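In what follows, a structure is listed as structure tokens, so that the remarks can point back to it.
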Amino acid sequence: MSCTTQHVVAAMRSAADSISEHRDELVELDRAIGDGDHGENMERGFLAVRNQLELTAPESPAAALKSVATSLISSVGGASGPLFGTAFLRASTAVGEAESLDGPAVAGALRAALDGVTARGKAEREDKTMVDALAPAAEAAEAASATGGSDPGAVLRAAAEAAETGARTTVSLIAKKGRASYLGDRSAGHLDPGVRSVVLLLNAFADVTGVE
Amino acid sequence: MSCTTQHVVAAMRSAADSISEHRDELVELDRAIGDGDHGENMERGFLAVRNQLELTAPESPAAALKSVATSLISSVGGASGPLFGTAFLRASTAVGEAESLDGPAVAGALRAALDGVTARGKAEREDKTMVDALAPAAEAAEAASATGGSDPGAVLRAAAEAAETGARTTVSLIAKKGRASYLGDRSAGHLDPGVRSVVLLLNAFADVTGVE
Amino acid sequence: VKKIINAPADIVVDALRGMAAAHPEELRVQTDPAFVARSDAPVTDKVAVVSGGGSGHEPLHVGFVGPGMLDAAVPGPVFTSPTPDAVQAAVGKADSGAGTLLVVKNYTGDVLNFETAAELVEASGVGTRTVVVQDDVAVQDSTNTAGRRGVGGTVLLEKIVGAAAERGDDLATCHEIAERVSANVRSMGMALTAPTVPHVGEPSFTLADYEMEIGIGIHGEPGRERVELESADRVVRRLLDPVLEDLPFREGDEVLLFTNSMGGTPGTELYLAHGIAERLLADRGVRVTRRLVGPYITSLEMQGMSLTLLKLDDELRNLWDAPVRTPALTW
Amino acid sequence: VKKIINAPADIVVDALRGMAAAHPEELRVQTDPAFVARSDAPVTDKVAVVSGGGSGHEPLHVGFVGPGMLDAAVPGPVFTSPTPDAVQAAVGKADSGAGTLLVVKNYTGDVLNFETAAELVEASGVGTRTVVVQDDVAVQDSTNTAGRRGVGGTVLLEKIVGAAAERGDDLATCHEIAERVSANVRSMGMALTAPTVPHVGEPSFTLADYEMEIGIGIHGEPGRERVELESADRVVRRLLDPVLEDLPFREGDEVLLFTNSMGGTPGTELYLAHGIAERLLADRGVRVTRRLVGPYITSLEMQGMSLTLLKLDDELRNLWDAPVRTPALTW
Ligand SMILES: Nc1ncnc2c1ncn2[C@@H]1O[C@H](COP(=O)(O)OP(=O)(O)O)[C@@H](O)[C@H]1O
Ligand SMILES: Nc1ncnc2c1ncn2[C@@H]1O[C@H](COP(=O)(O)OP(=O)(O)O)[C@@H](O)[C@H]1O
Ligand SMILES: [Mg+2]
Ligand SMILES: [Mg+2]
Ligand SMILES: [Mg+2]
Ligand SMILES: [Mg+2]
């Protein structure tokens with residue numbers, strides 16, 4: 001399988017659909033331990049992503065990822081906007097000039113995305129943030145591509161599954177970053193909204209890249 | 001039976017007790033078609049009445065009634081303060097120098113009270129105000145004292161009963177005066193709070209004057 | 001009851017103490033009987049403008065005491081007109097010998113208590129005039145009701161006549177100006193939720209999630225009708241159209257538009273509604289030259305709004321623009 | 001949902017239109033990207049003071065735009081930090097060449113978006129400094145959280161540094177003054193009811209009739225603890241004591257006391273609470289020389305209050321006293 005510019009664009013459209021479908025769920029998660037806007041923010045952001053990708057058909061995976069980044073940065077706002085924006089921006093840089101992304105390239109993009117998020121947001125694992133899905137995802141992607149997997153679809157699938165597992169572990173955590181951290185131990189027992197978004201995105205990417 | 005200064009003072013104490021007992025009922029009646037303060041206003045007022053009567057032991061029925069009037073005027077506020085205040089003030093003037101009130105004197109006092117209320121408030125019968133209890137009361141008092149009833153207790157009893165009957169007729173009325181009139185036909189189906197106060201007062205007076 | 005209070009019976013005195021502490025140089029606060037006066041009252045040779053009414057509508061009236069507006073304000077218990085002795089005390093502090101204009105909102109209690117107060121005050125040698133504010137168009141039939149309520153127009157009247165007094169107009173002139181404002185101002189309000197009176201402990205009426213009350217007053221009584229929630233566009237029209245038709249305000253008229261929060265409605269919604277009203281007025285060729293937006297005459301925590309239109313002329317506009325320095329309005 | 005709005009997605013733009021209509025001479029309002037600037041911006045040779053954040057806290061920040069306070073304010077969607085491009089546009093309108101001070105409330109989103117905006121703006125040749133407001137003492141552990149929230153202190157800081165900029169202080173000095181305010185201001189808030197975010201449609205959290213939330217922020221998130229309703233005397237102590245202990249404020253200190261309504265709490269309750277706070281401070285020998293009482297940094301229709309104390313020195317007091325002319329604060 002390959003992951004060309006078209007696949008990246010299709011993955012983003014699929015992500016936008018998934019985010020919209022789950023908008024209310026994301027709002028509700030954020031209402032419990034935040035301020036209730038995460039679903040609204042992400043839906044607005046991915047609507048902008050979809051529109052911009054149609055308007056200016058990107059000519060490479062890097063261009064597509066950069067388009068996603070700038071759309072998110074200028075439309076999401078809140079904490080998730082800059083963080084997801086940086087994630088896609090770093091991913092864009094990491095994939096360089098490649099016209100098609102293989103397994104290692106995808107793993108490299110996820111690692112770069114994670115590095116961007118932790119560089120800006122300073123969160124560590126178990127702080128109960130999107131890092132708790134993104135870090136396992138990056139690691140699983142690297143492991144999958146190392147063990148001879150140059151199939152981007154398989155790497156993304158491994159990443160998505162690791163993200164799901166990571167997300168579930170956050171439920172019992174006490175938040176140490178982000179708005180939920182103001183709640184102290186009252187944040188325990190709830191799924192972090194940003195973590196859920198990462199899972200939705202990775203699943204959408206994996207679904208699209210998994211088919212030819 | 002007689003109605004001396006002591007009886008008047010006792011009647012006012014009894015009225016104060018009754019108003020306090022029925023404070024919540026008066027508040028609730030006023031909440032439905034007004035602003036919810038009538039019970040609070042009357043309780044505050046009759047507390048002041050009681051205190052003032054103890055402080056300055058009046059020397060005549062007129063003095064006692066005047067004390068009640070000034071206490072109410074300076075502590076009740078709202079619409080009911082000036083109106084009940086004027087009622088007692090006019091009653092005070094009407095009973096003159098008498099040291100003991102007979103039936104006709106009581107009837108005269110009620111008539112004067114009514115005249116004061118209608119002069120200031122300009123309400124007529126069936127406007128759904130205290131007048132709808134006070135007017136029948138005055139008429140019944142006059143009828144009772146005319147037919148050879150110089151017994152103040154009997155006259156007050158007749159007045160109280162007529163007030164009760166008059167009060168019941170207000171339930172279906174649409175208010176044309178007072179705060180309830182802003183509601184238009186939505187005021188129908190509710191008992192007017194001021195009318196209820198008149199009934200409580202007259203009943204208290206009748207109870208006290210009915211015993212020796 | 002969900003309020004930041006101690007004993008309900010002490011609310012007014014407790015709040016007055018807070019006002020006194022917050023404005024120690026500007027206000028003279030008395031608690032028994034209760035009134036708030038400008039610290040420099042009586043102001044020599046100036047007509048005193050005095051108002052009052054039940055508490056619960058803050059900043060009306062106590063928040064409007066100061067140069068350019070009220071010389072004194074008399075707060076009764078929550079939603080209850082103050083008694084004549086309190087008004088008399090306030091006038092005693094405020095009157096300089098030039099006479100006192102009493103601004104009275106048209107409610108039976110306010111009218112009767114201020115009437116008696118005026119008699120007492122006149123008997124003691126102070127000249128008075130009274131203006132009764134009755135700008136609420138929600139009460140349509142004046143003959144078979146207690147008459148139109150005094151609502152948002154009260155704020156505008158107090159500012160304008162306060163400026164007239166401040167510039168030295170005599171009592172008759174101040175009264176004339178007050179009557180002119182009263183004759184040219186109209187209002188209408190609506191509510192999303194009812195207030196809760198502290199000593200009552202429950203809401204004054206109950207609206208479902210999908211309902212709103214049109215034609216409310218400021219004392220928590222129900223309005224003229226209960227209807228389903230509508231968009232802001234429609235809500236504003238429900239308030240503006242009756243106001244426009246009543247005076248009537250005509251194309252080419254110059255107006256002050258006052259968009260008021262009933263207490264619990266946030267600034268975003270208020271400005272949003274104000275914008276709609278401005279657009280509708282522009283559509284009708286009614287020229288808005290002055291505005292006031294905010295919570296100025298409230299009903300405890302009621303969520304809702306009211307619109308007030310005052311037809312302006314040059315003099316009224318200038319009086320509106322004149323300096324004012326009070327807790328709630330300063331420019 | 002019980003609000004006076006049209007479509008939830010249009011709230012900010014609709015409210016901005018209303019602000020533009022209400023203050024046509026004083027403000028320049030842009031809707032895409034959204035920001036509000038003083039109509040005379042950029043002001044020659046003056047440092048520009050620019051802030052912003054999610055909507056829903058009005059009048060913060062858009063209501064504080066004008067001479068003596070903010071040159072521009074950037075409103076994001078309700079409770080959502082604005083994006084860097086909007087901040088950049090606002091700075092573009094406000095900066096005169098003398099540099100721009102960005103006032104940022106300490107929330108992850110606000111910090112990150114303004115950080116990016118500062119980079120963009122610097123890259124285009126505008127000198128910037130950033131001050132982060134983090135006055136909320138409810139968040140006790142800075143290490144294991146996103147840090148202390150920027151709440152009531154933001155209002156005081158914007159006024160004071162706005163005055164410094166207005167009198168001609170350069171960027172470094174303005175920044176210094178801002179940091180001094182930030183270092184000397186502390187706040188704490190509580191809520192009786194939660195707000196309802198328009199696009200969510202239900203309250204952000206639910207309190208029973210007998211419960212209150214202590215240590216809330218301004219975005220409708222739950223606080224540190226939920227306790228039974230108490231008297232105002234006790235509520236004020238729950239807010240004041242942690243604030244006093246934190247700086248700490250000591251006997252003999254001079255302070256500005258800011259008693260803030262979270263949006264839905266009426267004036268009577270606010271002044272009542274303010275009076276209690278003044279009395280408690282007097283008991284402790286802390287001298288209150290300046291006050292601010294009202295709804296200045298809100299959370300939609302939330303019923304509740306916050307207390308803010310700023311330790312004053314002569315310079316800060318003078319800057320507080322300096323003239324200001326904005327929709328929400330004028331003197
Ligand atoms: N410092 C951080 N590092 C990584 N992720 C973070 C950080 N702070 C917040 N987040 C993520 O952002 C999400 C909240 O996003 P959102 O609700 O859109 O923004 P806001 O908190 O400003 O309202 C959280 O669920 C969390 O996953
Ligand atoms: N014009 C009037 N004439 C006679 N009684 C009146 C008039 N207006 C009001 N009332 C009486 O006053 C009562 C309300 O009193 P209260 O609630 O204490 O005052 P307010 O209406 O000012 O809140 C009504 O129930 C009615 O009986
Ligand atoms: Mg959020
Ligand atoms: Mg009443
Ligand atoms: Mg009343
Ligand atoms: Mg947010």
Side-chain angles (χ1 to χ4, degrees), chain A residues 23-24 26-28 30-45 47-48 69-86 89 117 119-124 126-130 174-187 190 194, chain D residues 8-9 33 52-54 56 74 76-86 88 107-117 120 136 138-149 194-205 215-226 299:
Chain A
R23 174 216 180 265
D24 289 355
L26 294 173
V27 161
E28 185 53 35
D30 196 32
R31 186 178 76 91
I33 57 174
D35 56 0
D37 61 357
H38 187 59
E40 183 80 357
N41 297 344
M42 293 297 275
E43 183 178 48
R44 178 176 57 250
L47 184 64
T70 56
S71 296
L72 293 179
I73 287 167
S74 63
S75 67
V76 175
S80 50
L83 293 169
F84 277 112
T86 292
L89 201 57
V117 170
R120 292 212 71 190
K122 317 268 195 288
E124 295 173 2
E126 301 200 342
D127 281 354
K128 198 183 177 94
T129 72
M130 60 174 73
I174 292 173
K176 297 204 185 69
K177 279 280 183 283
R179 200 175 292 291
S181 68
Y182 308 138
L183 273 57
D185 44 28
R186 291 171 90 185
S187 58
H190 299 272
Chain D
V74 192
V78 172
F79 289 0
T80 306
S81 322
T83 53
D85 56 300
Q88 189 183 13
Y107 301 98
T108 307
D110 289 15
V111 168
L112 292 178
N113 281 289
F114 272 80
E115 203 172 77
T116 300
L120 292 167
D136 177 27
V139 178
Q140 290 151 306
D141 180 358
S142 292
T143 344
N144 287 315
T145 62
R148 293 185 146 176
R149 295 172 289 204
T196 294
V197 176
H199 65 253
V200 176
E202 40 178 320
S204 295
F205 56 88
I216 46 104
I218 61 173
H219 294 88
E221 69 266 29
R224 292 296 302 191
E225 51 172 342
R226 185 163 298 182
S299 187

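Chain identifiers are assigned alphabetically (A, B, ...) following the order of the sequence lines, protein sequences preceding nucleic acid strands; residue numbering begins at 1 within each chain. Treat the numbers as computed from the prediction; the structure is a model and nothing was measured.
Put simply, the side chain of D:L112 reaches to within 4.5 Å of the side chain of A:L83, judged on heavy atoms. Between A:E40 and D:P77 the shortest side-chain heavy-atom distance does not fall below 4.5 Å. With contacts defined as side-chain heavy-atom distances shorter than 4.5 Å, the pair A:R23/D:H199 qualifies. The side-chain heavy atoms of D:E221 and A:L183, taken from C-beta on, include a pair separated by under 4.5 Å.
The local environment of CD in A:E28 is crowded, with over 12 non-hydrogen atoms from other residues, nucleotides or ligands closer than 6.0 Å. Atom CD of D:E225 sits in a crowded spot, with more than 12 heavy atoms from other residues, nucleotides or ligands closer than 6.0 Å.
Nearest heavy atoms, D:G147 versus A:Y182: O-CE2, 3.4 Å. Taking all atoms of both residues into account, the shortest heavy-atom contact from A:R31 to D:V200 is CD-CG1, 3.6 Å.
For D:Q140, no part sits under 4.5 Å from any heavy atom of chain A, backbone or side chain. For chain D, no part of A:S80 is nearby; none of its heavy atoms comes within less than 4.5 Å. Heavy atoms of D:D85 lying under 4.5 Å from chain A belong exclusively to its side chain. At a 4.5 Å heavy-atom cutoff, the contact between D:Y107 and chain A is made by backbone and side-chain atoms alike. Contacts of A:N41 with chain D are made by side-chain atoms alone, with heavy-atom separations under 4.5 Å and no backbone atom involved. At a 4.5 Å heavy-atom cutoff, D:P8 makes no contact with chain A through either its backbone or its side chain. Only the side chain of A:R186 comes within contact range of chain D, with heavy atoms under 4.5 Å apart. For a residue to count as touching a neighbouring chain, one of its non-hydrogen atoms must lie under 4.5 Å from one of that chain's; by this rule A:A123 does not touch chain D.
Annotation: salt bridge (charged side-chain N to carboxylate O under 4.0 Å, His left out) contacts of A:R44 (sequence neighbours excluded): none. Residues forming a ring pair (Phe, Tyr, Trp, His ring centres under 6.0 Å) with A:H38 (at least two apart in sequence, or on another chain): none.
With chain D as the partner, the residue from A:G77, A:S181, A:G78 showing the most heavy-atom pairs under 4.5 Å is A:G78. Among D:T143, D:T116, D:V78, D:N144, the residue with the largest count of heavy-atom pairs under 4.5 Å with chain A is D:N144. Most heavy-atom pairs under 4.5 Å with chain A, from the set D:N113, D:V139, D:D110: that is D:N113. Contacts with chain A were tallied for D:G56, D:P203, D:A86; D:P203 has the most, counting heavy-atom pairs under 4.5 Å.
In terms of modelled atom types and a separation under 3.5 Å, the side chain of D:H219 and the main chain of A:G36 share no donor-acceptor contact.
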- Show your reasoning for whether side-chain hydrogen bond (donor to acceptor under 3.5 Å, both in side chains) applies to D:T80 and A:D37. CA-CA 7 Å; D:T80 306; A:D37 61 357; 2.6 Å; yes
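The CZ atom of D:R149 sits 9.0 Å away from the CZ atom of A:R179 when rounded to the nearest 0.5 Å. Summarising the geometry, atom CZ belonging to D:F79 is positioned 11.0 Å from atom CG belonging to A:D30; distances are rounded to the nearest 0.5 Å. Taken from CG in A:D185 to CZ in D:R224, the straight-line distance is 7.0 Å, to the nearest 0.5 Å.
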